[in-house]
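Notes follow once the structure below has been shown.
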Amino acid sequence: MSKQFYITTAIDYANGSPHIGHAYEKVLTDVIARHRRLSGDAVYFLTGLDEHGQKVQMTANKEGIAPQEYCDAIAEKFQGLCSTLNISNDDFIRTTQARHKDVVRQILQDLFDKGEIYRADYKGFYSKRQEQFLQEKDKVDGEWPEIFGEVEEFSEPAYFFKLSQYQDWLIDFLKTNEDFVFPRFRQKQVLEFLKEPLNDLCISRPKERLEWGIPLPFDEDFVCYVWFDALTNYISAVGYGQDGFAEKWPANFHVIGKDILVPPHAVYWPIMLHAAGIPIPKQLLVHGWWNISGEKMSKTLGNVVDPIQLADQVGPDAVRYFFIREMNVGQDSDFSADLLLTRYKTDLGNDLGNLVSRQLNMGGRYADGKVPAATIDEEPEQELKKVWDENTATVIEQYEGFQFHRGLDTAWVCIRACNRYLEVRQPWKLAKSEDATDKERVLTSLAYVAESLRLAATLLTPVMPTISAQILELVGADSVTAYEGNLTFNVGTLEGRSLGEKTILFPRIEG
RNA sequence: GCCAGAGUAGCUCAGUGGUAGAGCAGAGGACUCAUAAGCCUUUGGUCGGCAGUUCAAAUCUGCCCUCUGGCACCA
């Protein structure tokens with residue numbers, strides 16, 4: 001079997017309910033996955049949940065339940081989010097699953113045997129008053145701030161991964177693979193970061209302090225700390241060490257947020273893989289964050305937005321459309337209920353939904369509910385066809401370059417052209433004419449709009465899979481499983497097909 | 001402090017050397033197949049500031065200002 005197109009989201013930390021940041025990353029990854037499928041790739045799409053660590057243990061304790069029970073509840077929420085938003089993931093990895101823990105231990109043992117992991121003393125500081133661990137950087141003017149009270153220095157054994165010895169290798173790798181990180185300016189940030197010497201990475205916590213983790217295979221008194229546990233999900237989910245692994249690995253894309261690029265995904269992960277003799281993923285796609293009405297989203301500000309609630313309000317496809325239309329991949333963008341409702345009302349309801357509505361209505365009224373034959377080829381028809389001919393390839397190119405917001409903008413140029421075409425043709429007027437040519441013009445215009453909607457729905461399939469399928473059905477088109485053969489404007493495609501009943505795709509929302 | 005990103009119409013943004021653009025919002029209009037929709041016209045900007053290169057700069061160079069993010073053990 002040939003190599004599949006393997007794409008992942010980051011795994012979310014099981015410490016709370018999903019917000020629109022989680023939802024966006026899944027939608028973005030899903031749009032890429034669907035786009036690749038339509039382009040003919042055999043896509044394998046992974047998402048999942050990171051379930052170990054201090055915070056999970058503490059939260060579960062506070063709620064008086066076992067950590068696993070707590071994680072099960074969170075996992076249900078995140079899986080529910082995927083299902084609500086129509087995320088087409090092939091798998092959902094949870095870091096507490098045996099398949100994952102086995103691989104983590106296998107890699108750790110392997111690196112330990114190779115001498116890549118060593119034991120040493122970890123020195124740190126602890127504030128009893130704040131019950132937290134401190135670092136040198138928490139000092140102000142070389143002194144511990146008053147709020148920490150008495151700070152004691154401690155030293156305890158720990159295990160370290162020899163990260164620093166691979167620094168030069170990584171710099172060289174990044175310079176040779178200029179496109180490893182998208183957008184490119186993010187790669188520059190990585191190289192900036194690497195100008196400072198790396199320290200070795202502490203990968204353990206003593207079990208007495210942290211129980212909720214994967215025990216180190218070579219010392220069961222310790223559990224694995226964070227990154228070796230979390231990042232490894234990308235290979236454990238696709239059967240590292242088993243037959244078939246090479247059909248998926250290396251991943252084509254890890255889609256991640258800008259907060260976990262440096263150092264985890266751009267530094268730790270490539271070095272871990274390199275040290276273990278595993279191929280490096282091909283590319284990291286780094287997206288920005290959503291601000292909420294101009295402010296950072298935070299629990300403290302109380303402005304966290306629940307994606308499920310949004311989907312309840314405007315429907316999952318409209319949420320997907322908003323995310324993709326509004327966010328320039330890599331940059332930050334602003335979210336507000338107003339922006340969402342405006343996009344819903346104008347782009348979706350007025351431009352697209354209403355166009356479908358007029359088509360179905362006129363189709364029933366003037367053409368017996370069937371897509372008629374196009375017998376007229378005058379300037380308005382040529383103009384409309386030209387718009388499609390000039391723009392469909394552009395949309396695909398923009399998708400290819402992760403310029404999804406611009407791809408949608410371009411698609412809307414076509415959709416608006418379609419509304420204009422109807423204004424020029426005015427079938428509702430021509431229908432009253434006794435002239436036989438005018439009758440032909442009415443029928444022709446309906447055929448042109450049907451074909452336009454078929455193309456629009458095809459182009460929108462990655463972003464709005466459900467609505468697109470619905471539009472295709474309403475204009476009598478077959479469902480689309482590939483771009484190939486479906487992106488050329490050919491007005492005869494749907495001739496004779498039945499149009500659906502009048503349908504309001506995006507009902508007006510009051511308020 | 002260092003590094004990066006952003007700064008263009010009221011709002012969201014496109015535009016990398018050749019007479020300032022789109023959508024939304026605002027104003028006016030004709031129409032009526034349609035979700036009071038769509039269409040046409042229109043108001044609105046010294047393109048963050050200053051200097052430079054050039055016949056020509058939003059676009060290239062330098063300096064500065066504002067906002068955002070990153071700056072190693074953070075889960």
Side-chain angles (χ1 to χ4, degrees), chain A residues 11-15 50-59 122 124 133 135-137 158 160-161 163-164 183-205 210 212-213 225-227 229-230 258-264 267-268 288-289 291 294 296 325-326 328 330-334 336 338-339 342-343 345-366 403 405-406 409-410 412-413 416 418-431 442 445-446 449 502-509:
Chain A
I11 50 175
D12 302 307
Y13 193 55
N15 186 43
D50 180 10
E51 304 188 359
H52 289 124
Q54 194 81 48
K55 279 193 183 172
V56 167
Q57 185 177 314
M58 277 171 54
T59 311
Y122 175 83
F133 294 91
Q135 302 155 37
E136 281 290 342
K137 71 170 183 183
F160 292 85
F161 170 56
L163 197 70
S164 57
R184 195 169 284 201
F185 75 85
R186 297 273 178 212
Q187 177 131 339
K188 281 199 225 158
Q189 287 183 349
V190 180
L191 285 166
E192 283 301 320
F193 175 81
L194 288 169
K195 282 182 180 165
E196 298 293 317
L198 291 170
N199 289 333
D200 286 344
L201 178 68
C202 178
I203 60 156
S204 68
R205 285 291 183 272
L210 178 62
W212 188 238
Y225 180 64
V226 189
W227 294 114
D229 182 344
K258 64 181 186 178
D259 52 320
I260 50 172
L261 174 68
V262 181
V267 178
Y268 302 159
W289 280 2
N291 293 318
K296 231 177 127 165
R325 178 63 187 83
E326 209 71 24
N328 179 348
Q331 307 288 335
D332 291 350
S333 290
D334 202 45
S336 75
D338 268 0
L339 285 172
T342 299
R343 287 287 180 200
K345 193 177 107 183
T346 60
D347 296 3
L348 297 178
N350 296 352
D351 290 341
L352 178 61
N354 185 52
L355 177 63
V356 170
S357 179
R358 19 186 1 192
Q359 166 74 2
L360 297 179
N361 192 61
M362 289 193 282
R365 195 181 289 219
Y366 308 134
Q403 301 289 295
H405 65 304
R406 294 176 60 195
D409 191 44
T410 306
W412 250 258
V413 167
R416 285 194 212 98
C418 215
N419 274 314
R420 275 200 298 277
Y421 168 73
L422 283 175
E423 299 298 329
V424 173
R425 267 300 174 218
Q426 304 193 326
W428 52 91
K429 270 191 182 165
L430 296 180
V442 171
S445 68
L446 295 175
V449 173
K502 277 201 275 180
T503 305
I504 301 296
L505 293 174
F506 304 99
R508 284 180 70 83
I509 296 171

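Order of the sequence lines fixes the chain letters, A, B, ..., with proteins taken first and strands second; residue numbering starts at 1 for each chain. It should be emphasised that the depicted structure is a prediction, and the values quoted were computed from it without experimental measurement.
Of all the heavy atoms in A/Val56 and A/Glu51, the pair that sits closest is CG1-O, 3.5 Å. Of all heavy-atom pairs spanning A/Asp200 and A/Ser164, the tightest one is OD1-OG, 2.8 Å. Shown here for A/Asp50 and A/Tyr13, the closest heavy-atom pair between the two residues is O-CD1, 3.4 Å. The nearest pair of heavy atoms linking A/Val442 to A/Leu430 is CG2-CB, 3.4 Å. Considering every non-hydrogen atom in both A/Leu163 and A/Asn199, the closest pair reads CD2-O, 3.5 Å. The two residues A/Leu422 and A/Leu355 make their nearest non-hydrogen contact at CD1-CD1, 3.8 Å.
Residues A/Thr503 and A/Val356 form no side-chain contact, since every pair of their non-hydrogen atoms from C-beta on lies 4.5 Å or further apart. Counting only heavy atoms from C-beta outward, the side chains of A/Phe160 and A/Cys202 approach each other to under 4.5 Å. Side-chain contact between A/Leu348 and A/Arg343 is absent, with no heavy-atom pair separated by less than 4.5 Å.
A distance of about 11 Å separates the C1' atoms of B/G49 and B/U66, rounded to the whole Å. Taking the P atom of each, B/U68 and B/C13 are spaced 15 Å apart, rounded to whole Å. When the P atom is compared between B/U42 and B/G23, the two are found 12 Å apart, to the nearest whole Å. Straight-line distance between the C1' atoms of B/C31 and B/G45: roughly 33 Å, to the nearest whole Å. B/C73 and B/U16 have their P atoms separated by 40 Å, with the value rounded to a whole Å. Comparing B/A58 with B/G52, their P atoms sit 15 Å apart, to the nearest whole Å. On the C1' atoms, B/C74 is 22 Å away from B/G5, given to the nearest whole Å. Comparing the C1' positions of B/A9 and B/G15 gives a spacing of 14 Å, expressed to the nearest Å.
In this structure, A/Asn419 contributes its side chain and A/Asp351 its backbone to a donor-acceptor pair below 3.5 Å. One N or O on the side chain of A/Trp412 and one on the backbone of A/Asp347 form a donor-acceptor pair closer than 3.5 Å.
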Test salt bridge (Lys or Arg N to Asp or Glu O under 4.0 Å) applied to A/Glu423 and A/Arg420, step by step: CA-CA 5 Å; A/Glu423 299 298 329; A/Arg420 275 200 298 277; over 6 Å; no
Interface polar pairs with nucleotides 28-33 of chain B, N/O, under 3.5 angstrom:
from  : atom 1 : to       : atom 2 : distance (Å)
B/C33 : O3'    : A/Asn361 : ND2    : 2.8
B/C33 : O3'    : A/Arg365 : NH2    : 3.3
B/C33 : O2'    : A/Asn361 : ND2    : 2.5
B/C33 : O2     : A/Arg358 : NE     : 3.3
B/C33 : N3     : A/Arg358 : NE     : 3.2
B/C33 : N3     : A/Arg358 : NH2    : 2.6
B/C33 : N4     : A/Arg358 : NH2    : 2.8

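Paired with A/Met362 under the rule side chain to side chain contact (heavy atoms under 4.5 Å, CB included), one option of A/Pro427, A/Ser357, A/Ser445 passes, and it is A/Pro427.
When rounded to the nearest whole Å, the span between CG of A/Leu339 and C1' of B/G10 equals 14 Å. The separation between A/Gln331 atom CD and B/G5 atom P is 9 Å, rounded to whole Å. Taking atom CG on A/Leu191 and atom P on B/G70, their separation rounds to 19 Å, with Å as the unit. If you measure from atom NZ of A/Lys188 to atom P of B/G70, you get 19 Å, rounded to the nearest angstrom. B/C71 atom P lies 11 Å from atom CG of A/Leu261, rounded to whole Å. When the P atom of B/A6 is taken as reference, atom CG of A/Asp334 falls 17 Å away, rounded to whole Å. The distance from atom CD of A/Gln189 to atom P of B/U68 is 16 Å, rounded to the nearest whole Å. Regarding A/Ile260, its CD1 atom lies at a distance of 16 Å from the C1' atom of B/C73, rounded to whole Å.
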Pair pattern of RNA chain B in dot-bracket, where unpaired bases get dots and | marks partners in another strand, Watson-Crick or G-U under 3.5 angstrom: ((((((((.[[[[.)..(..]]]].((((.........)))).....[[[[[..)....]]]]])))))))....
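Side-chain proximity of A/Asn328 to the nucleotides B/G38, B/A14, B/C73 is greatest for B/A14. You'll find that the side chain of A/Tyr122 is closest to B/C73, out of B/G69, B/C73, B/C39. Residue A/Arg416 places its side chain closer to B/C39 than to any other of B/C73, B/A14, B/C39. Comparing B/C73, B/C39, B/C13 by their nearest atom to the side chain of A/Ser333 picks out B/C13.
In this structure, A/Lys258 reaches the sugar-phosphate backbone alone: every heavy-atom distance under 4.0 Å involves primed, P, OP1 or OP2 atoms, never a base. Within the 4.0 angstrom heavy-atom criterion, no nucleotide atom of any strand lies near A/Trp289. If you check every strand for non-hydrogen atoms under 4.0 Å, A/Leu163 touches nothing. A/Arg343 comes within 4.0 angstrom of nothing in the nucleic acid, heavy atoms only. Across all strands shown, A/Phe185 has heavy atoms under 4.0 Å from sugar-phosphate atoms exclusively, and none from any base. Within the nucleic acid shown, A/Pro427 has no heavy atom closer than 4.0 Å to any nucleic acid atom.
The phosphate of B/G15 (OP1 or OP2) has a side-chain N or O of A/Arg406 nearer than 4.0 angstrom.
Both A/Arg325 and A/Asn419 lie close to RNA chain B; mapped to their nearest nucleotides by heavy-atom distance, the more 5′-ward contact belongs to A/Arg325. Of the residues near RNA chain B, A/Pro197 and A/Thr342, the one whose nearest nucleotide (by heavy atom distance) lies more toward the 5' end is A/Thr342.
Atom NZ of A/Lys258 has more than 12 neighbouring heavy atoms from other residues, nucleotides or ligands inside a 6.0 Å radius.
Heavy-atom distances under 4.0 Å link RNA chain B to A/Thr346, A/Gly349, A/Asn350, A/Asp351 of residues 345-352 of chain A, given in residue order.
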